[in-house]
Amino acid sequence: MRAAIPDPRTELHYHSPFQLLVAVVLSAQSTDKAVNLCSAGLFAAAPTPKAMWELGEEGIRAHIRSLGLFNAKARHVHALSGALLQRFDGQVPNSREALESLPGVGRKTANVVLNTLFGEPTIAVDTHIFRVANRLGIAPGKTPLAVEKGLLEVVPADVRKDAHHLLILHGRYTCTARKPRCADCALFSCCAWPDKTLWQRSPS
DNA sequence: ATCCCGAGGG
DNA sequence: CCCTCTGGAT
């Protein structure tokens, strides 16, 4: 068993493009840690699209019960594996249109795959980036798509790949949803968030 | 607009 | 207890 591919652009564990795609689908409204916990067993049982399809929706569900939305995710991952076999020769497609045609894959997931797997300078706007971009004021928007367009204008293409994951890490560990650690924030002085001073002091 | 939906944190 | 976690389909 190989170790997980070290990748500064995601904290999800995977050993192939297919496994990354599945891991990202599983990560909806769930923490990476929770996904890695159950994906280990899932990928051991079904490392390829063919094996995943044969494992079946029920078999997949058994591995991911600890995740939220596990019912819909099991259905998506199973149908997704079938679609890869039937329409893409078992390979993960490298175009946005093809990716978004897959069950359980929307714009956000497609952006993550395009960036992480194929090196495209996309920015996937998830819950973290949506919050951080609005608070900082660098790309305010009422929808994820609006924020994405704003970020594409503001962030130069050559640093976008890194910016994507750095923004997520900032949102996860510093600019958290409920109790932001503004006192420890390196971006405090350039942050436009009106409420930023409310939590200047860390709880010790 | 609403549903799906478990685990961890505060 | 309530909120949040790298959303997508209906």
Side-chain angles (χ1 to χ4, degrees), chain A residues 4-5 7-14 19-42 57 60-83 96-118 120-136 139 141-148 151 155 160-182 195 198-199 201-204:
Chain A
I5 297 173
D7 189 340
R9 291 190 188 86
T10 179
E11 294 179 351
L12 294 170
H13 296 171
Y14 63 100
Q19 292 183 11
L20 173 74
L21 175 58
V22 171
V24 177
V25 170
L26 293 180
S27 72
Q29 301 294 286
S30 304
T31 62
D32 284 358
K33 185 187 292 184
V35 172
N36 291 334
L37 215 52
C38 66
S39 71
L42 177 65
E57 184 179 328
I60 296 170
R61 178 163 37 234
H63 283 281
I64 64 171
R65 279 209 182 273
S66 58
L67 292 178
L69 315 180
F70 65 86
N71 217 341
K73 289 175 183 176
R75 180 160 32 84
H76 288 153
V77 169
H78 185 239
L80 166 66
S81 301
R96 172 184 304 284
E97 185 181 5
L99 285 167
E100 291 188 11
S101 77
L102 297 169
V105 179
R107 185 177 185 87
K108 181 263 169 183
T109 298
N111 276 331
V112 172
V113 171
L114 288 170
N115 185 320
T116 306
L117 241 38
F118 301 113
E120 293 196 21
T122 61
I123 295 182
V125 177
D126 50 64
T127 178
H128 289 305
I129 293 191
F130 185 78
R131 178 180 67 248
V132 169
N134 272 296
R135 282 183 181 169
L136 283 173
K142 290 174 181 159
T143 68
L145 185 57
V147 169
E148 180 183 333
L151 286 174
V155 183
R160 250 179 239 156
K161 287 187 61 178
D162 292 332
H164 164 74
H165 196 236
L166 287 173
L167 284 170
I168 286 177
L169 293 179
H170 182 64
R172 172 181 292 177
Y173 298 114
T174 302
C175 194
T176 53
R178 263 217 260 179
K179 201 185 68 167
R181 300 170 57 210
C182 295
D195 297 340
L198 293 178
W199 291 279
R201 197 167 295 279
S202 290
S204 88

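So that the names make sense, note that chain A is the first sequence line, chain B the second, and so on, each numbered from 1. Since the model is a prediction, treat every value here as computed from it, not as a measurement.
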TODO: Could you list the residues that satisfy side-chain hydrogen bond (donor to acceptor under 3.5 Å, both in side chains) with R107(A), not counting sequence neighbours?
DONE: E148(A)
Task: Separation of atom CG in N36(A) from atom C1' in dC5(C), rounded to whole Å - done: 14 Å
Open item on the list: Using the side-chain hydrogen bond (donor to acceptor under 3.5 Å, both in side chains) criterion, which residues pair with E120(A)? Sequence neighbours excluded.
Closed with: none
Task: Interatomic distance, Y173(A) OH vs dT4(C) P [rounded to whole Å] - done: 18 Å
Task: Inter-nucleotide C1' distance (dC5(B), dC2(C)), Å rounded - done: 15 Å
Task: Of all pairs that satisfy salt bridge (charged side-chain N to carboxylate O under 4.0 Å, His left out), the ones with a partner from residues 70-80 of chain A, not counting sequence neighbours - done: none
Open item on the list: Between L37(A) and S66(A), is there a side-chain heavy-atom distance shorter than 4.5 Å?
Closed with: no
Task: Separation of dC5(B) P from R65(A) CZ (nearest whole Å) - done: 10 Å
Task: Between dT6(C) and dT2(B) - P atom distance, rounded Å - done: 25 Å
- [ ] Grab the CG-P distance between L67(A) and dG8(B) for me, whole Å please.
- [x] 11 Å
- [ ] Please list, chain by chain and in numerical order, all residues satisfying side-chain hydrogen bond (donor to acceptor under 3.5 Å, both in side chains) with Q19(A), sequence neighbours excluded.
- [x] H15(A)
Expected rows: protein N/O vs nucleotides 6-10 of chain C N/O, under 3.5 Å:
residue, atom, partner, partner atom, Å
dT6(C), OP1, D32(A), N, 3.0
dT6(C), OP1, R172(A), NH2, 2.9
dT6(C), OP2, H128(A), NE2, 2.5
dT6(C), OP2, R172(A), NE, 3.4
dT6(C), O5', H128(A), NE2, 3.3
dT6(C), O2, K108(A), NZ, 3.3
dT6(C), O2, D126(A), OD2, 3.2
dG7(C), OP1, T127(A), N, 3.4
dG7(C), OP2, Q29(A), N, 2.7
dG7(C), OP2, Q29(A), NE2, 3.4
dG8(C), OP1, G106(A), N, 3.0
dG8(C), OP1, T109(A), N, 2.9
dG8(C), OP1, T109(A), OG1, 2.5
dG8(C), OP2, K108(A), N, 3.4
dA9(C), OP1, G104(A), N, 2.9

Task: Listed once per pair and sorted, the salt bridge (charged side-chain N to carboxylate O under 4.0 Å, His left out) pairs that draw on residues 33-42 of chain A, sequence neighbours left out - done: none
Open item on the list: What's the gap between dG8(C) and dA7(B) when it is taken at their P atoms, as a whole Å value?
Closed with: 23 Å
Open item on the list: Can you see if the side chain of R178(A) gets near the phosphate of dC2(C) - specifically, an N or O under 4.0 Å from OP1 or OP2?
Closed with: no
